[in-house]
Amino acid sequence: MKSATLHFERGIFAKSVLRFWPIWAVYAFIWMLVLPVSIIDTLTRWTATDANSLVLNSIPNTAVMLCPAAACAAAMAVFSHLYSERSAGFFAALPVDRGSMFLSLAAAGLLPLMAANLLVFLVSLAVEALFGASGLGALAQWLCAVSLLTLCYFGLAALCAQLTGHIVIMPLLFIAVNVVASALGDMGLIVPSMFCYGYVNPGSNWANVLSPLVNLISNVYTTYGATDQVTLAGWSWMMLYGLLGAMLLPASMALYKRRNIESAGDVVAIASVRPVFKYVCALACAFILGNMLYTLPFGNSPRDGLGPALVYSACMAAGAFIGYFGAEMLLSKSFAVFGSRRSYIGWALTGLLCCVFVVSCELDATGYETNLPDPSKVSSVTVDTSGISAVFDEPEHIEAAISLHENAIEGRKTNEEAERGGWSGVSVYLQYRMADGSEMMRRYFIAGTDTDTLTGLEELMNSNEGIASRKEAWSQLRPSNVTEAFVYFRPALSEDGIQEEQALELTSEEAAELYNTCILPDMRDAKIGLVWYVTDETYYNSVYDCRIELNVTVNSGSGRQSTYFYTVPTVYSERTNEWLLAHGVELNTLAETASASLG
């Protein structure tokens, strides 16, 4: 007698939905608290605009974490028979082909979640209607976004459910699929940051795209317009991952149809995936444990030389050994895994790959450390020294920045020794924006003994363009913009030998006059607003022990904002000095106050 086959088995679908109803109920209950109940509270006290903000903000604040948790639980529940030999045998004996079985079970896991989303949408819409608010647009966006996230994560969870035969491994595998690529990318960037001179970690890596949870958390957010209108960003990513989830369902069905019943209880149920599992575990442990083994005794500061690179490689090889043979134990369900030559070959290949990566960074196989940009292809360069930042786009200043870059490369040995030894120096960050839209970033520590490079840096940062970029200067400051203004100065010793800092409070009119008629012209002449990286005798004899601080409110696109301006007068800022002296400020250079304090 032939077994009857169906494209969709209603009985299996209905029984699965009813059996696992607590999952759908908890999911819907959480959303009811997040939206309808919170909307009632918001509309009672605030406006419909605030309710729309609440709805859209629930996507980055709640959905990006709740949807994957619910999808994982749903897939783990409807495919739970795969993790028990008895249940797997029972389902295989049913007169339903595997394709129809997968279709029925997948629908039983996905459709109740979608129905819960629709229910929350309708209840929220009814609540807003009762209050006379119109939030259909925001709620429609919420429904689309949450449905895309549900589809994305359920597709991933369904695939993970087919790859393992162990119910405990399934959620762990789901988490790994969502984060491991990003984690490996971040760990991989640690190696060049330690062994590539001048390397700058870009902060995000392409591997985030392969980690849906990490990428969606980073790229799904809300923004506010001038009228407090909320806009949801990240639609392209949600649609892309939603499409990915839909495409993974047929792939999961193909694995379900070919899966062996005997794989129930196995850590990895698909034979062809087992080598991949071992190598991923080996690489993950190589980067994570290898870095721990190295940094615990040696620290994570950059290291120069082939010796430290080989030591780091050995630590990574040790981590790969733990990961590779640990995975072998999980797959074979035995501790007796050290007798196979093939296993040692697999581990050796992983260790060799790690060694090549580390040594290539140390030996600068790619030419990264000595690469200098072509001045003709640079549109602008940002120079940042411990928070003091300036942007240059004039050709002569771009060439000066590249010259500093070249000096930093040539002084590598001295700079690295100074940084490791905790000696004085300046941290310099360079960010080139190229004409084709690309970027090039480097970071160097310039030793305090390299006065030629530091002097060149001073000249660049104290150029007219550098001062204008560093100082948030206004063409005209009105008294109505000034909220607070002080001049702090340290006079000569008093009769009782006390040398305390004094403060002169300025009226808004005085502050505007000082800024408009004195500071701004002196700044345009590069006489004030200077920075000093070489604190020699010239510095102490040129800078006054005095500072001018202004708190100002200015108009911006989002309304009035408070900002802060300060500067230090020098012996060259004649206009500013004359005004200060006329208003009772005593000007003494740093050298004069230092000699007075020493008596």
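All values below come from the heavy atoms of this structure, side chains included, with hydrogens, waters and symmetry mates left out.
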Q: Please state whether the rings of Y444 and H405 are parallel, tilted or perpendicular, taking 30° and 60° as the class boundaries.
A: tilted
Q. Which atom pair, heavy atoms only, marks the closest approach of T589 to Y540?
A. CB-O, 3.5 Å
Q. Do T47 and D50 meet the criterion of a side-chain donor-acceptor pair at a distance under 3.5 Å?
A. yes
(Q) Would the distance check show the side chain of N291 and the main-chain N or O of F287 forming a donor-acceptor pair, the cut-off being under 3.5 Å? (A) no
Q) Relative to the ring of Y312, is the ring of F195 parallel (under 30°), tilted (30 to 60°) or perpendicular (over 60°)? A) perpendicular
Q. Should the pair H397 and F392 be assigned to parallel (<30°), tilted (30 to 60°) or perpendicular (>60°) ring geometry?
A. perpendicular
Q) Heavy atoms, side chains only, cut-off 4.5 Å: are L506 and H583 in contact? A) no
Q | Gap between atom CG of N52 and atom CG of N57 - 0.5 Å precision | A | 10.5 Å
Q. Strictly by modelled atom types, are Y429 and S389 linked by a side-chain donor-acceptor pair under 3.5 Å?
A. no
Q. Any idea which heavy atoms bring P60 and L232 closest together, and the distance?
A. CD-CD1, 4.3 Å
Q: May I ask you to test the N215-Y241 pair for a side-chain heavy-atom distance under 4.5 Å?
A: yes
Q: Taking the side chain as every heavy atom from C-beta outward, state whether E510 and W579 have any atom pair closer than 4.5 Å.
A: yes
Q: Would you check if the side chain of W347 reaches a backbone N or O of A318 as a donor-acceptor pair within less than 3.5 Å?
A: no
Q | Min side-chain heavy-atom separation D384-R443 under 4.5 Å | A | no
